[in-house]
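Single-structure report; data block below.
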Amino acid sequence: LAQQKTSGFKLMMTPKWTGFPYFELTGEGAKAAATELGDTLIYAGADHAEVSLQVETLQNFVTQKPDGIILAAIDGNAVAPVLKQARAKGIVVGTYDADAAVAGRDMFVNQLSYEQAARVMLDAALIDAPEGGEIAFIAASPTSPNHVAHMKIMTELSKTEAKYKVFSVVDTQYAGDDDAKSYDVAVNLMQAHPKLKVIISSSAVSAPAAARAIEATGHVGKVWATGFALPSAIKRYLENGSQKAFAFWDPWELGYVAAYAVHQKLAGKFDPKEGAVLDVPKAGKFKTFKDAEVVYGKPLIFTKETVGKYNF
Amino acid sequence: MSEAPSVAARPGSRNLVEVVLRLREAGVVVFLVVLGLAFGLATDRFLSVQNLTTVASSAAILAIAACAQAIVLITRNLDVSVGSMMGLVAYLTADWAATHPGITPVEVVAIPLMIGTVLGAINGLLVAYGRVPALIATLGTMSLYRGFTYIYAHGQEVTSSRLPPWMLSSVDARIGGLPILILVSIAIVAVVAWLLHAYPFGRRLYAVGSNGVAAWFFGLRAERVVFFAYVACGFLCGIAGLLYAARVGTVTVVLANGWEMSSLASAVIGGVSVSGGSGTVVGAALGAVVLATIDNGLVLLRVPEFWRMFIQGAAIVAAVAVDALIAEAIRRSTGGRRR
Amino acid sequence: MSTSAKRQLPLWEMALVVAILAAGAWSSTLSPYYLSVDQLFGSTRAFIIPGLLALGLAVVVSLGEIDISLASIIAVGTVALSKLSAAGVPFAVAAPIVVAIGALCGAFNGLLVAKWRLPSLAVTLGTMGAFRGLAFIAGSEVGYTDFDDVYLWLGSDYVFGGVVPVSLILFALAAAGVWFLMHRTGYGRRCFSIGLNPDAAWFAGVDVVGVKIRAYALAGALAGAAALVWVGQYGSARGDNADGSILFVVTAVVLGGMDINGGRGTLSGVVLALFLLGTIRNGLGLANVGGPTQTVVLGGLLVAGVLRPAAAAAIARLSRPAKTREARAQGE
Amino acid sequence: MPTVAAEPVIPAPILLLRRIGKSFGPVRALEDVSFDVRPGRVHGLVGENGAGKSTLVKIITGLEEADEGEVILAGRAVRFRTPIEARNHGIAAVYQDPKLFPHLSIAENIAMGAYPSGWFGTVDRRAMIDTAREHLARVGSDLDPKRTVAGLSVAEHQFVEIARALSSDVRVLILDEPTSALTPTEAERLFAVVRSLRDRGTAIILITHRLEEIEAMCDDVTVLRDRRHVATLPRAEVDRAKLVQLMVGRPLEALFARRERPTIGEDVLRVEHLSLDGVFDDVSFSVRAGEIVGMGGLVGAGRSEIAQTLFGITPPTAGRVVLKGVEVAPQSPKQMLARGLAYLPEDRDRDGLIMPETITHNITLPILDSLSHWTVVDRAGERRLAESASQTYRVLTPSVETIVSALSGGNRQKVAFAKWLATEPVALILDEPTHGIDIGSKAQVHAMVAQLADRGLAVLLISSDLPELLAMSDRILVIAEGALVAEFARDEATQESVMMAAARQRGGKR
Ligand SMILES: Nc1ncnc2c1ncn2[C@@H]1O[C@H](COP(=O)(O)OP(=O)(O)OP(=O)(O)O)[C@@H](O)[C@H]1O
Ligand SMILES: Nc1ncnc2c1ncn2[C@@H]1O[C@H](COP(=O)(O)OP(=O)(O)OP(=O)(O)O)[C@@H](O)[C@H]1O
Ligand SMILES: [Mg+2]
Ligand SMILES: [Mg+2]
């Protein structure tokens, strides 16, 4: 075997779409990791989440023969063919945020396992409404697998786990990561369910829009919004007291870890087998589960007291 | 020497045309009432004052955008950059407000209106003076404006905490129990309707769209009329963009994406003919209310999301078909020939 | 216009060829990877789906009509194919069925536009939503991915030493076929004559309604074929397939020199425009230029493409002072 | 050359036209036209179709720019940019075909461009409606000004147009064939208005093809021929014969050589009880092989509608059509062409030809299928056919690849002929085949039609040109108000008898 290279890799990264702060943060985190490790990282992508454009971007990546590709998949199956082609050329493929078909990538750096995500959102909901009540979901679309999984597990937990049994799930609506649509859906949900207590959204676009809808329609104190949101987007509502808690993780660090993982794999220092541990000195140690799923698993809950500490 | 008797031989046709033309908006209202009653029977949550207020608020901004679209449609043109104009206006305004903490309400209103007007004028130049077909010209500016928004934003969004608090609270305010947004929207639609109805400029819009050749015979400057229609459209998109930003709170680069189609759909449902010359902005605004009612009713009825898309599409086709029936009646009554 | 109107088009095609070469040369300086056979052939795959739509749209545009529902017909097609695949229908049977479903959707548009004389933009705006809604309603929420390899062959395989994508050959055949139809057969001639003057065409014995319906059906069928390629390329069938790609398609058709008012243009221009847009996007992509910049370039090209006749007319106006104002008023 | 009959009593001219010239691309529409128009007098303007009359109106009112010459109004050279400007200077016109805004009300159509203003610059609707009602009353119409224009009859359109022209302080009123769509009673009403205007000192230009109107109304007459000014004379100095001579350039007899007696065969086109609701009713006639059947009538009588119904443009509501012994129900031109019927439309530029296309493509459009092998158009054969056709019909053109819109009117008509005859029809309907084409081409067209009939074609010739109709036809049918009212054999027909029949009104008046 030839001598293993340990540095100077060429990494290419594409998010679902560029121009969205969450993904831009993951890109910056990844770039920081690459710089530290002596690699180069190129971050590019289309300006809207269209799978054919993402495939085109990946195709262009493959042509440029990088050592590693990092992506958040729009449609995990649709990108699989081009990813397989990349792997066949010896390129290491790592997904983050949203996974691709298992055969198409070497590892998936999962921000939170589906169950973790479901639990942290319910925990946030418990801060909002400790007495429980009706909850409704806003997801991006029925075709986004992680949102669908979150909703399924949350529904499950509200029936099985004592802590969460105070909640009953009454509705699910889709708003396609569109802020105005989310706003209208939130308003319509409050109309449709007069006893509604919490609106939970795993879309970082919908959660702030729901908070805004509650504030604007005079439902403050009666209905709560929660779910995943960037602290900057919901800071206002926490600070003015109209909302109590949201959840998320650190997207910058997620990107950092994803790039780190791909680098370590390239350098031969990390093999994403079940049970293997990825050691990222600045972020922590992360365990690998079945199907090369590396769980980052550091949920954050933002409240009025803590939201000021985050600058993203 | 035969016209008088031959017309007398087809009585009724002219009356039908007039009745239909006059009742076009009334027809939309009737449709709306029927829709409302249907939803009301299906779910008792629909016909509450509160829910109807909700529907009206949801429709409020779209109504303004539809109004903008209608002005251009009346001149027998089209603007598919409506959403992009709103997005660019909203982003630039929000960004300005976020970076200039001392900003006054006057500036917050003036900036988007100015930007909107300029964007509309660019469209107007291309279509009226550059003689570029409206669809193509505005498809181009649709990507140009949106692309510019992205490039300017650099992956940032303007979050609600960065906006002056009064900007958000002022759209939440209520007067006499009605959200101010609804009142503003009604006021704008009413003013525009009045301008189009009562002012020579408004009448020229209809004239140019009704019969371009006749407009030429009458000595109207069609270019100028079309240009100003686009300027007015941009101006209204400025208002709509500002209200949108204040309503949702978080201003992203994709703001109002796809609104070109919703505004077009509202106008068409509201009886504004894509062949020009007929329809009113009130109709277009009512069309927006129809769309919002469908949205709201289907959520209340828990109809799956996908049916909404289908029902809205079908509603558009139905509205166009009704329009064609009217046009056919006009054709028959004027003795115009078929192909 | 005068006699030179005809000779203008080849000129435009030449300009497109020059632009393609320039864009290619520029791309090769942007990226050292650009000039490889694999890359060049492989990159064409990104334009085959919009390309098939553009061929159909060009036929519709030659009539002076438009169809913005074509991308939604792809979604109908992919979902239909997923149903057939799930039912275990062999691909050889399923493929023609999907193409036929596309043709049916197109014919429905055509019926509304030609027979009922509804404005095509408004009609296809409606059916754009309705078709996609249907695709979503019919398809399951999460989409379908369990396609058999045979189903994927058309969109994912390569021939001739694994270099030339099968779908490229399909596109080449379709392009040649549509070119032949529009420029060599009576049908094409009738299409263009309808685009120039539907009344006179009808008086000359052209079955205007029939020709239009067939044009829409053809565009729909090509969208159905594009659905087959889609499934092959992406292995995934969902209601949101090909959402938002119609802008690119319209751009290609207009940049290719098709007059949006009908009656003029060539299919070779459209194919060249596809190549030009493809080359530019490929080059920008290899240079890792961001999506927004690409969007701006696309919009700019579109406006430039349509300002071309306007500019030509302006020049003509300057050089020939005598003009008919009425003719211009009628051109409105 | 421009001679103004100098009579000392007549008032000084208000409008002077000086050496006006105008071209539309290759088409010369006006050349060196000069004459004067005086207040308180009606100035007739006559000339054959295409003589440039309407173009002159457009130039005076600022719709078209003259290439040469000038318009002098009340001593000052003027060049209006829009008709609104012209109206502000007291010049109003009723154009040849009424063009109104169908979606707007009558009142708005009348006021367009000169709205009465009310509060804050709004349109004062009440004033607008009152004014409109007033003006309508002046032309003797009691139409409701609030009605939309869509739905008005042609005559009502015309009255709205005239009311519109009156709605400003007119010093010069131009009427371009105002009576062509009116019944005699309506026309009389209009002329009463014109007389009262004249008596109040308005200068009036009246364009008409009806020579009796010239006799009844005009004080002066200007004749245009072949785009040029021929003469301006006081009405007293001209009679009908002289007018015709001036317009046509030679005596009537010399213009139309009568056709030799033809040999006539079997019925080719037989029409039985054909009706189209509200347009024409129970029309029956037949045309035999080798026969030219003329169809006369006033403009708007329904001749074109009958022809177009036969050709399948508008399917009939009742009756049957028998072509070569086979019954057909006309549904579309495609079907009728296949059955051997061809129709040369009256509006050549709109319906007869695809103007931006080449001669070849125009000629072969109806017969593409027969020129194709396996759906592929034989382009060489197509060109050969076009070349031989354009030789046969003497189309003056550099090549058959020339765009039709670049040809002159007469040559366009020949291309249209070539196109229809390429379909090898058994029966041919010609609708105003010489409308708007020059004398030379006209004679060629006549010769061509005669030749076709001699070859055994059945020809139905619709023409508003009486001398032409009389000279060409073997038999003449007269249509009035959508009904076949008279039939004349070749030798019975005279201008007078045909006119009398054509002017018949329902109820037997006139
Ligand atoms: N816009 C135009 N473009 C090209 N040629 C034109 C145009 N308008 C008129 N012409 C031509 O100019 C000539 C004069 O036309 P004009 O309409 O003035 O005749 P006219 O005397 O009014 O005839 P008619 O009695 O038929 O109304 C004709 O040969 C006509 O074909
Ligand atoms: N532009 C029009 N708008 C409304 N009605 C029309 C129009 N043209 C013709 N008509 C109506 O159609 C009927 C028949 O007209 P048509 O043109 O067939 O008459 P025609 O005898 O051929 O006269 P022309 O010499 O003008 O061709 C008339 O009753 C007339 O009122
Ligand atoms: Mg005339
Ligand atoms: Mg006629």
Side-chain angles (χ1 to χ4, degrees), chain C residues 1-9 62 64 114-115 177 179-211 214 259 261-265 309 316-317 319-331, chain D residues 22-27 29 58 62-65 67 308 311-313 332-338 342-345 347-358 361-372 374-377 379 382 397-399 401-403 405-406 416 419-420 423:
Chain C
M1 268 298 100
S2 88
T3 29
S4 64
K6 283 258 143 171
R7 249 151 259 148
Q8 225 174 337
L9 284 166
S62 78
K115 189 97 186 159
W179 177 88
F180 187 80
L181 181 73
M182 293 306 288
H183 298 300
R184 286 292 176 273
T185 70
Y187 177 79
R189 192 72 73 65
R190 291 188 189 103
C191 286
F192 284 113
S193 69
I194 291 173
L196 289 172
N197 185 342
D199 285 337
W202 200 55
F203 272 77
V206 174
D207 173 13
V208 175
V209 172
V211 169
R214 273 177 277 163
D259 184 340
N261 297 315
R264 293 188 186 287
R317 235 177 286 151
S319 60
R320 185 154 37 86
K323 66 193 167 207
T324 77
R325 284 200 219 155
E326 180 168 15
R328 284 207 280 143
Q330 268 157 348
Chain D
K22 171 79 186 169
S23 301
F24 293 104
V27 181
K58 290 180 185 164
L63 277 176
E64 296 285 3
E65 258 172 84
D67 299 338
Q308 293 184 3
F311 192 53
I313 304 285
S332 74
K334 181 178 173 164
Q335 168 209 16
M336 297 314 288
L337 278 168
Y343 168 64
L344 182 89
D347 192 334
R348 176 185 63 229
D349 293 354
R350 189 186 63 192
D351 301 327
L353 293 169
I354 294 173
M355 299 287 273
E357 268 287 16
T358 59
H361 284 189
N362 266 288
I363 291 178
T364 57
L365 184 59
I367 49 162
L368 279 175
D369 283 337
S370 60
L371 277 172
S372 306
W374 299 99
T375 77
V376 184
V377 178
R379 295 197 298 168
E382 180 183 44
T397 172
S399 109
E401 297 306 312
T402 303
I403 307 275
S405 59
K419 160 174 156 175
W420 296 115
T423 65

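Convention: sequence-line order gives letters A, B, ...; per-chain numbering from 1.
Between L365(D) and A201(C), the shortest heavy-atom contact is CD2-CA, 4.3 Å. For the pair L196(C) and P356(D), the tightest heavy-atom approach, listed with the atom from each and the gap, is CD2-CG, 3.9 Å. V377(D) approaches G186(C) most closely through the heavy-atom pair CG2-N, 3.3 Å. Closest approach of D369(D) to R190(C), counting heavy atoms only: OD1-NH2, 2.9 Å.
Interface remark: T423(D) contributes no atoms to any contact with chain C (heavy atom separation under 4.5 Å). Within the 4.5 angstrom heavy-atom criterion, only side-chain atoms of F180(C), from C-beta onward, approach chain D. For L353(D), the part lying under 4.5 angstrom from a heavy atom of chain C is the backbone only. If you measure heavy-atom distances from W420(D) to chain C, the contacts under 4.5 Å come from the side chain alone.
A search for side-chain contact (heavy atoms from CB on, under 4.5 Å) contacts involving S399(D) returns E401(D), T402(D), not counting sequence neighbours.
Side-chain atoms of W202(C) and D351(D), non-hydrogen and from C-beta on, never get closer than 4.5 Å to each other.
Rounded to the nearest 0.5 angstrom, F203(C) CZ and K419(D) NZ are separated by 9.5 Å. Residue R379(D) holds its CZ atom at 10.0 Å from NE2 of H183(C), rounded to the nearest 0.5 Å. Here the straight-line distance linking atom CZ of R350(D) with atom CG of D199(C) works out to 6.0 Å at 0.5 Å rounding. Here the straight-line distance linking atom CD of E357(D) with atom OG of S193(C) works out to 7.5 Å at 0.5 Å rounding.
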